[in-house]
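Shown next, in structure tokens, is the structure this report addresses.
Keep in mind that the numbers below use all heavy atoms, side chains included, and drop hydrogens, waters and symmetry copies.
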Amino acid sequence: MLVILWNRYAELCAEQDLWKERAVQLLMKHTEADDAVICEFEDEHWQNLLPNEDNIMAFHRQTVPVLKFVEENEDIEKSLIA
């Protein structure tokens, strides 16, 4: 039942574009990118039906140099779990 409820919530958020505000908030919290980069990613690449963690990792893959990404990967995953 909880999964059905969550899926319906996600659908409603997608229909009403509520996910956009949440996407920007999450990226601001979990990255040091400037607002323009975050807004561009949200507009062009954020997948609103994917888990937030997957979108944040995709943002890092596109914006953070590979070596730095590897070093920070564990920190990002730990902060998302907390």
Side-chain angles (χ1 to χ4, degrees):
M1 180 66 175
L2 188 57
V3 171
I4 294 170
L5 198 58
W6 175 256
N7 288 339
R8 182 62 184 138
Y9 169 77
E11 289 172 5
L12 289 172
C13 287
E15 291 170 5
Q16 298 174 12
D17 288 338
L18 297 175
W19 60 270
K20 290 183 178 187
E21 291 176 26
R22 179 77 175 139
V24 170
Q25 290 173 355
L26 285 168
L27 290 173
M28 289 177 126
K29 179 179 177 182
H30 294 288
T31 70
E32 295 179 8
D34 62 30
D35 293 349
V37 173
I38 288 173
C39 289
E40 180 181 343
F41 181 85
E42 176 266 316
D43 282 339
E44 296 178 14
H45 302 288
W46 190 274
Q47 300 293 315
N48 58 358
L49 296 178
L50 286 180
N52 294 331
E53 295 84 2
D54 291 350
N55 281 302
I56 294 168
M57 298 302 284
F59 178 83
H60 278 277
R61 281 192 299 274
Q62 288 188 349
T63 60
V64 178
V66 175
L67 293 176
K68 189 173 180 184
F69 171 76
V70 171
E71 293 172 0
E72 294 179 349
N73 189 21
E74 291 180 307
D75 294 337
I76 294 167
E77 290 176 356
K78 288 177 187 175
S79 69
L80 290 172
I81 294 170

Nearest heavy atoms of His30 and Ile56, plus distance in Å: CD2-CD1, 3.7 Å

Rounded distance (nearest 0.5 Å) linking atom CZ of Arg22 with atom CG of Asn48: 13.5 Å

Single-linkage hydrophobic cluster, 4.5 Å side-chain cutoff, Met28 and Phe59 together: yes

Please set out all donor-acceptor pairs under 3.5 angstrom arising from side-chain atoms of residues 34-46, sequence neighbours excluded.
residue, atom, partner, partner atom, Å
Asp34, OD1, Ala36, N, 3.3
Asp34, OD1, Val37, N, 2.9

